[in-house]
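Here the structure comes first, spelled out in structure tokens, and everything after it is commentary.
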Amino acid sequence: MALLLSDEAVDINNNIRACAVLAIERLSTVEEARPIMSHHEGIMTALTRANFKKFSTSHISPKDLGEDGQYIDNINEGDSELEEQVHLLTKVALKNLADIL
């Protein structure tokens with residue numbers, strides 16, 4: 001049985017994810033932290049997953065779907081902007097840490 005999250009819970013989860021990626025990206029700019037972070041399996045795995053993971057859309061209702069059953073992209077434009085920012089920060093962090101490897 002799937003547990004659907006309320007809109008508020010999904011927004012909170014997405015904001016937590018964005019803050020975590022921002023913190024990792026900021027730490028990846030600290031030269032002393034880069035060697036430690038680049039060799040930490042958990043950090044590298046989290047960044048890689050964040051780079052490919054879509055934001056949660058479990059709060060989408062059937063009315064948010066088009067006639068063909070596809071999700072209408074412009075419904076949560078704030079989510080897509082935040083998602084783009086998270087992907088950009090993730091890529092920057094991965095680039096910063098890859099320079100060490």
Side-chain angles (χ1 to χ4, degrees):
M1 179 174 172
L3 175 64
L4 296 179
L5 299 174
S6 69
D7 289 347
E8 188 175 311
V10 169
D11 289 341
I12 290 171
N13 287 340
N14 288 343
N15 287 337
I16 290 170
R17 179 173 162 229
C19 289
V21 169
L22 176 62
I24 292 172
E25 187 273 334
R26 296 285 188 234
L27 282 170
S28 75
T29 63
V30 177
E31 197 160 326
E32 294 82 13
R34 285 182 186 172
I36 298 166
M37 293 176 71
S38 66
H39 290 89
H40 190 282
E41 185 178 328
I43 293 287
M44 298 305 285
T45 301
L47 285 173
T48 304
R49 286 183 181 166
N51 195 33
F52 292 104
K53 187 174 181 182
K54 294 284 188 187
F55 268 34
S56 177
T57 55
S58 60
H59 62 289
I60 296 173
S61 68
K63 68 180 181 181
D64 296 335
L65 300 176
E67 291 180 12
D68 60 355
Q70 296 297 314
Y71 174 62
I72 301 171
D73 288 336
N74 61 358
I75 291 172
N76 296 320
E77 289 191 21
D79 285 351
S80 66
E81 289 176 20
L82 182 61
E83 186 172 2
E84 287 178 27
Q85 292 173 354
V86 167
H87 283 289
L88 177 63
L89 290 171
T90 302
K91 288 178 184 179
V92 169
L94 283 169
K95 180 189 162 292
N96 289 342
L97 299 177
D99 287 343
I100 297 297
L101 298 176

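On a predicted model such as this, the values are computed, not experimentally measured, just so you know.
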Rounded to the nearest 0.5 Å, what separates atom [atom1] in [X] from atom [atom2] in [Y]?
{"X": "Gln85", "Y": "Leu22", "atom1": "CD", "atom2": "CG", "result": "9.5 Å"}
{"X": "Ile12", "Y": "Arg17", "atom1": "CD1", "atom2": "CZ", "result": "16.0 Å"}
{"X": "Arg26", "Y": "Leu89", "atom1": "CZ", "atom2": "CG", "result": "7.0 Å"}

Show me the donor-acceptor pairs within less than 3.5 Å that the side chains of residues 38-46 make with the rest of the protein, sequence neighbours left out.
| from | atom 1 | to | atom 2 | distance (Å) |
| --- | --- | --- | --- | --- |
| Ser38 | OG | Arg34 | O | 3.0 |
| Ser38 | OG | Pro35 | O | 3.2 |
| His39 | ND1 | Pro35 | O | 2.8 |
| His40 | ND1 | Gly42 | N | 3.1 |
| His40 | ND1 | Ile43 | N | 3.1 |
| Thr45 | OG1 | Glu41 | O | 2.7 |

Donor-acceptor contacts under 3.5 Å from residues 90-101 side chains, at least two apart:
| from | atom 1 | to | atom 2 | distance (Å) |
| --- | --- | --- | --- | --- |
| Thr90 | OG1 | Val86 | O | 2.7 |
| Asn96 | ND2 | Ser28 | OG | 3.0 |
| Asn96 | ND2 | Val92 | O | 3.4 |

